[in-house]
Amino acid sequence: MRDTPPPRPIGIDEFLPLVGKQLNADCDPRPVALELVSATPLVNHAKLDRPPFILILRSEPSALLTSASYVLRAKGFGPDVVDIIQIARPAKGEAGHYYQAVFN
């Protein structure tokens, strides 16, 4: 694994071009591929400078990640630390494990 980068503000605009593409989570002994299924804005009830948003990610059935902080990277993104939580597979979702990351 590589060094953990310092935290920084991340906006939804960084993820929109990556929807449908692969991000890699730094894991031991090797990275785990995650497909960015969606990046969706959330209602900004708190009137934050950076509007909140949610990411939905999917790993292959053979790769189950625990809910934790992972260093994610992709062409044009990262490395950045992102907290993910496992969620249920959507009704029409492809096979695999699903995760969400909420930025607020």
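Keep in mind it's a predicted model, so treat the numbers as computed, not measured.
Aromatic ring pairs are classed by plane angle as parallel below 30°, tilted from 30° to 60° and perpendicular above 60°; the pair Phe103 and Phe53 is parallel.
No side-chain heavy atom of Ile56 sits less than 4.5 Å from a side-chain heavy atom of Tyr99. Side-chain contact between Leu65 and Leu34 is present, with at least one heavy-atom pair separated by less than 4.5 Å. Asp80 places none of its side-chain heavy atoms less than 4.5 Å from the side chain of Arg73.
Residues Glu35 and Lys21 are not paired through a salt bridge, judged by the lack of any N-O separation under 4.0 Å between the basic side chain and the carboxylate. Between Glu60 and Arg58 there is a salt bridge, since a side-chain N of the basic residue sits under 4.0 Å from a carboxylate O of the acidic one.
No option in Leu57, Val37, Ile54 other than Ile54 meets the side chain to side chain contact (heavy atoms under 4.5 Å, CB included) test with Gln100. Partner of Val81 under the side chain to side chain contact (heavy atoms under 4.5 Å, CB included) criterion, out of Asp26, Val71, Ile10: Val71 alone.
The same ILVMFWY cluster, assembled from side-chain heavy atoms under 4.5 Å apart, contains both Leu42 and Ile87.
Between Phe15 and Ala39, the closest heavy-atom pair is CB-CB, 4.1 Å. Closest approach of Ala63 to His97, counting heavy atoms only: O-CD2, 3.4 Å. The nearest pair of heavy atoms linking Ser59 to Val32 is CB-CG1, 4.5 Å. When all heavy atoms of Arg50 and Gly11 are compared, the pair lying nearest together is CD-CA, 4.2 Å.
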Derivation of the side chain to side chain contact (heavy atoms under 4.5 Å, CB included) call for Tyr70 and Val82: CA-CA 5 Å; Tyr70 292 91; Val82 175; 6.0 Å; no
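The environment of Arg8 atom CZ is dense: over 12 non-hydrogen atoms of other residues, nucleotides or ligands sit within 6.0 angstrom.
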